[in-house]
Amino acid sequence: MLFLCTNNLSGSIPLSIGNLTHLKTLVLSRNEISGPIPREIGNLTSLRELELTNLNLIGPIPTSLGNLVNLMRFCISQSFLFGPIPREIGELKNLKVLFLWENRLSGSIPSEIGKLISLTGLDLSSNNLVGPIPSSIQNLSNLDLLSIHTNHLSGSIPEEIGKLVFLRHLDLFNNILSGSIPSSMGSLTNLSVFDVSNNELEGQLPGEICQGKLLQYFIVLNNHFTGLIPKSLRNCSTLIRLRVEGNLLTGNITEAFGIYPHLEYMDLSNNYLYGELSWKWEHCHNLTSLKISNNNISGEIPSMFGRMTQLGALDLSSNNLRGVIPRELASLWSLLYLNLNNNWITGDVPNELGSKLEHLDLASNNLSGSIPVQLIQCTNLLRLNLSKNKLNGSIPPEIGNARFLNVLDLSQNLLTGGIPQELGNLRVLETMNISHNSLSGFIPHAFGDMFALTSIDVSYNDLEGPLPNVKAFNEAPFEAIQNNTGLCGNVVGLQQCNYPMNKEGNGGQRHTTTLVVSFTGFLLLASILIILVIFVCCQRKNIKRENFGRSNDLDYLRILSYDGKAFYKRILEATEGFDSKFYVGEGAYGIVYKAELLTGQIVAVKKISSSFEEEFLDFVSFEREICALSNIRHRHIVKLYGFCFHEQHSFLVYEYIHRGSLRTLLSNDEKASEFAWDKRVNIVRGVADALSYMHHDCFPQWIHRDLTSNNVLLDVDYEARVSDFGTARLLRPDSSNWTAVAGTIGYIAPELAYSPIPTEKCDVYSFGVIALETIMGKHPGDLVSWECSSSAKTDSQVLLKDVLDQRILPSRIRLQDAEDVVSIARLALKCLQANPRLRPTMRQVSQDLRVRVPLEMPFCAVTLKQLRDLKGRKFRASEGDCKF
């Protein structure tokens with residue numbers, strides 16, 4: 001047995017592995033192994049289990065694997081294998097499990113797969129397979145799992161599939177299958193999962209699909225099915241997930257469905273169902289999502305829906321519902337999504353409705369009364385649409401409390417009064433429509449700070465005065481501001497303002513007063529925060545610890561549980577009062593020192609400079625860094641252990657990264673000459689993984705804002721660790737300073753010159769600079785400005801080889817190194833595009849860095865312009881061509 005799963009192994013599978021002829025188990029899954037599968041694996045004729053899952057393998061499946069006649073488990077998934085499934089796979093007569101999912105395999109499913117009569121699990125999903133499902137699949141009489149979803153399979157579902165009587169799990173979704181579902185499906189009495197969604201299937205649904213009373217997942221969405229809901233589903237009490245949306249189904253909804261005690265998700269939307277909402281669903285105690293939009297449902301919304309305590313999403317939009325919104329819905333504490341759009345609902349909007357709601361759409365009804373204050377100040381709201389009703393009164397100023405709001409639509413109502421100043425607190429609002437009302441007065445000056453706003457419509461009101469000087473208004477079409485009393489501004493079709501404005505917009509004196517009051521309140525709040533942090537960090541705990549040095553795991557919470565004064569004293573002793581001999585470097589907030597604790601553990605201490613301590617705004621940023629980093633756990637991000645805020649010295653304590661920064665290493669000729677290409681490639685990948693985690697896997701999403709080679713640190717194994725998040729900005733609406741300038745010259749994205757709002761695409765740009773810097777051995781300088789230029793003339797023939805770090809001997813670059821370098825350079829140039837929308841996301845970059853770009857021209861002849869204009873074309877070359 002050779003079991004090397006979940007390590008950091010890299011490189012390719014050695015050819016000599018074919019010498020292990022008595023090996024019975026080979027598991028290399030979840031490593032960084034790359035390259036092709038060597039045909040020599042075919043020599044391992046004693047092998048019973050082969051698992052090569054979640055690697056970076058590329059190339060075809062070698063036909064020699066057909067020699068492994070004793071193989072029982074064959075899993076090569078989540079890699080980049082291409083080419084056809086070899087027909088020789090039919091020789092593996094003892095095979096029980098065949099998993100080849102999530103690769104790039106092409107061609108058809110070979111009919112020889114029907115020879116694998118012992119097979120219990122077959123998963124070929126998420127590939128590029130074409131053609132029909134082979135009828136020989138009927139021979140797999142022991143099959144329990146058949147998953148071939150997310151391919152390009154065509155033709156009909158073979159009638160022979162009904163012979164797989166032990167089948168429990170059938171996944172055929174995301175293909176282009178056509179025709180009807182064969183009647184033989186009724187023979188699959190053990191079926192638990194049936195998913196044929198997103199195909200071109202038609203005809204009626206199988207009538208006996210739940211004959212075995214074991215069906216849990218019935219998913220047929222987005223096909224062309226007609227007729228009635230199968231009768232067998234009415235009494236299918238085992239159902240957990242039922243999705244039939246996006247078909248042409250008919251029938252009475254009251255009669256078609258029964259009571260499902262285990263049901264969690266039901267979507268019947270976009271069909272032709274009629275009847276009234278069933279009281280039976282009250283007994284679906286586990287139901288979290290009920291969607292029946294765009295049908296012909298009539299009657300009222302039953303008040304007993306308020307007893308469905310687990311309900312998180314309710315969508316009854318685009319039906320013929322009447323009556324009022326039941327106040328019992330306020331009892332649904334888990335309700336996050338409510339959509340009753342486009343019905344005939346009357347009455348008022350209940351005051352009690354959904355304190356946890358994130359999405360509320362009541363548009364296109366006959367609702368009257370005023371907008372409830374309790375609803376509008378719901379702090380969780382992301383989208384609110386009350387348009388096309390008969391709501392009256394004014395817009396409540398409490399709307400400013402809904403600080404996460406992205407979309408606000410109050411258009412086509414009977415609203416009067418002015419636009420409340422508090423609307424300007426909605427700093428993440430992107431879309432606002434308050435048109436077709438009777439609103440009057442000036443547009444509040446606070447709108448000038450709504451930098452996230454991209455779409456507005458204030459037309460058909462009685463508004464006057466100047467438009468706010470913000471992009472959404474400056475670029476608004478005339479249709480979005482027309483038919484008002486006296487609006488003026490620099491928009492085509494609008495009259496110019498003929499009286500002076502201060503730079504804040506209208507209402508300047510009132511704005512000044514607001515600023516003074518707000519800033520005074522902010523100082524008071526900041527002072528309280530400082531006192532609280534000092535109390536937590538530096539006061540002695542009730543339970544005193546005698547020996548700080550006994551801890552072997554300095555994590556954030558455990559440090560805070562120790563005596564604050566002892567902790568402060570230990571750090572001062574370890575650094576001898578922050579003596580210069582312990583100096584390591586400088587970060588965004590101050591000087592970094594090396595400290596050895598009593599445990600022998602070495603930590604990095606970042607002493608906050610006095611200039612930051614004295615400014616309350618920087619204290620808020622400091623607090624943000626602590627809170628954000630304390631929750632980060634990623635192998636490529638420096639870990640924060642603790643902090644202390646003291647009147648004499650304030651500091652952060654991080655894990656110590658031994659090799660220092662990437663910039664320091666690159667600036668040392670001796671060390672850089674030994675800094676091999678594979679290590680550099682690995683560092684670029686590590687930085688990409690860290691940023692991908694920050695941008696896409698953290699909630700709330702957050703950005704670095706000051707990524708440079710100076711805060712990319714290297715551990716003893718040359719693994720990258722991204723550090724110094726002192727200027728990171730959480731993408732949250734309560735952020736205190738949206739327009740704070742941050743970044744380092746040479747790494748700042750060009751759009752920050754005209755837009756003060758940093759986005760994750762600013763990090764993408766900085767990453768591009770660092771990626772080039774890593775392979776060039778120095779800051780790319782003019783190449784960055786060249787890449788951002790719309791025209792490249794004299795520099796268009798710059799050879800890639802000429803800009804690479806010449807301190808590494810030419811003889812030390814291998815073919816796979818050349819391919820990796822080309823991949824990095826290509827992606828770096830994409831990241832440096834002037835238009836941030838054209839830059840890839842860090843998730844795309846992280847994934848693409850795992851795929852080499854094969855060369856089809858000599859490496860020495862690749863120019864930067866060719867890389868920039870590559871647009872996905874592949875390259876290939878022999879190793880002999882890749883010399884300098």
Side-chain angles (χ1 to χ4, degrees), residues 1-7 9 13-14 17-31 33 35-81 83-105 109-110 112-127 129 134 136-137 139-149 151 164 166-171 190 192-193:
M1 175 184 292
L2 184 58
F3 192 93
L4 299 175
C5 177
T6 314
N7 284 287
L9 298 176
I13 301 173
I17 202 167
N19 298 330
L20 306 177
T21 54
H22 297 290
L23 193 64
K24 292 185 178 180
T25 299
L26 176 59
V27 180
L28 303 177
S29 302
R30 292 185 290 281
N31 280 288
I33 295 172
I37 301 173
R39 62 184 308 276
E40 285 76 8
I41 285 185
N43 298 334
L44 308 182
T45 53
S46 299
L47 209 59
R48 294 186 179 181
E49 182 176 0
L50 175 62
E51 284 209 23
L52 305 177
T53 298
N54 199 359
L55 299 171
N56 297 314
L57 300 174
I58 192 168
I61 299 174
T63 58
S64 62
L65 292 181
N67 299 332
L68 308 182
V69 293
N70 291 305
L71 203 61
M72 301 177 68
R73 185 177 177 85
F74 183 13
C75 304
I76 311 181
S77 303
Q78 292 180 288
S79 275
F80 305 97
L81 299 177
I85 299 173
R87 297 185 180 278
E88 288 78 3
I89 210 161
E91 302 302 319
L92 309 181
K93 301 294 176 58
N94 292 305
L95 203 60
K96 293 184 182 250
V97 174
L98 176 59
F99 286 173
L100 300 175
W101 52 277
E102 201 170 311
N103 281 286
R104 298 176 180 179
L105 300 173
I109 300 175
E112 286 80 1
I113 215 153
K115 296 180 180 180
L116 306 178
I117 56 176
S118 299
L119 208 62
T120 60
L122 175 62
D123 194 338
L124 308 177
S125 60
S126 299
N127 280 288
L129 300 173
S136 63
I137 207 166
N139 299 327
L140 308 181
S141 56
N142 295 304
L143 207 60
D144 174 89
L145 165 70
L146 175 58
S147 182
I148 49 179
H149 67 81
N151 280 286
L164 307 180
F166 294 108
L167 197 63
R168 291 191 309 113
H169 196 125
L170 178 61
D171 275 336
N190 290 300
S192 171
V193 176

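When each of I76, I85, L122 is checked for a side chain to side chain contact (heavy atoms under 4.5 Å, CB included) with L98, only L122 meets the rule. Applying the side chain to side chain contact (heavy atoms under 4.5 Å, CB included) test between L47 and each of N43, T45, L44 identifies L44 as the sole match. N103 pairs with exactly one of L57, I61, L81 by the side chain to side chain contact (heavy atoms under 4.5 Å, CB included) rule, that one being L81. If you run side-chain hydrogen bond (donor to acceptor under 3.5 Å, both in side chains) between W101 and each of S126, S77, S147, only S77 comes through.
Under a 3.5 Å cut-off, the side chain of N127 and the backbone N or O of L100 do form a donor-acceptor pair. Under the 3.5 Å distance criterion, the side-chain polar atoms of N31 are left unmatched by any main-chain donor or acceptor of L55. The backbone N or O of I137 lies less than 3.5 Å from no partner atom in the side chain of N139, so there is not a single donor-acceptor pair. Checked by atom type and distance alone, the side chain of N151 pairs as donor or acceptor with a backbone atom of H149 at under 3.5 Å. At distances below 3.5 Å, not a single donor-acceptor pair connects side-chain atoms of T25 with backbone N or O atoms of M1. No donor-acceptor pair closer than 3.5 Å links the side chain of N7 to the backbone N or O of L9. The backbone N or O of K96 sits nowhere less than 3.5 Å from a side-chain atom of S118 that would complete a donor-acceptor pair.
Across all non-hydrogen atoms, the minimal contact from E49 to V27 is OE2-CG2, 4.3 Å. Residue P62 comes nearest to R39 through the heavy atom pair CB-CA, 4.0 Å, listed as atom of the first residue, atom of the second, then distance. Scanning both residues, E91 and G66, for their nearest heavy atoms gives CB-O, 3.6 Å. Across every non-hydrogen atom of P110 and P134, the tightest pair is O-CG, 4.3 Å.
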Note to self: side chain to side chain contact (heavy atoms under 4.5 Å, CB included) for I17 and L26? Distances and angles first, verdict last.
What the structure shows: CA-CA 10 Å; I17 202 167; L26 176 59; 3.7 Å; yes
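Interatomic distance, E112 CD to L92 CG, rounded to the nearest 0.5 Å: 12.0 Å. Atom CZ of R30 and atom CG of N54 lie 7.0 Å apart (nearest 0.5 Å). Summarising the geometry, atom CG belonging to N67 is positioned 12.0 Å from atom CD1 belonging to I41; distances are rounded to the nearest 0.5 Å. Taken to the nearest 0.5 Å, the CD atom of E51 stands 4.5 Å off from the SG atom of C75. Between the SG atom of C5 and the CG atom of L28 there is a distance of 9.0 Å, given to the nearest 0.5 Å. Rounded to the nearest 0.5 angstrom, L167 CG and N142 CG are separated by 11.5 Å.
Put simply, the side chain of F74 does not reach to within 4.5 Å of the side chain of L68, judged on heavy atoms. D171 has its side chain within reach of V193: a pair of non-hydrogen atoms, C-beta onward, lies under 4.5 Å apart. For the pair F99 and L145, the minimum side-chain heavy-atom distance is below 4.5 Å. Between N56 and F80 the shortest side-chain heavy-atom distance falls below 4.5 Å. Counting heavy atoms from C-beta on, the side chains of R48 and R73 never come closer than 4.5 Å. At a threshold of 4.5 Å between non-hydrogen side-chain atoms, the residues L129 and L124 count as touching.
For I117, the CD1 atom sits in a loose shell: 12 or fewer heavy atoms of surrounding residues, nucleotides or ligands are nearer than 6.0 Å.
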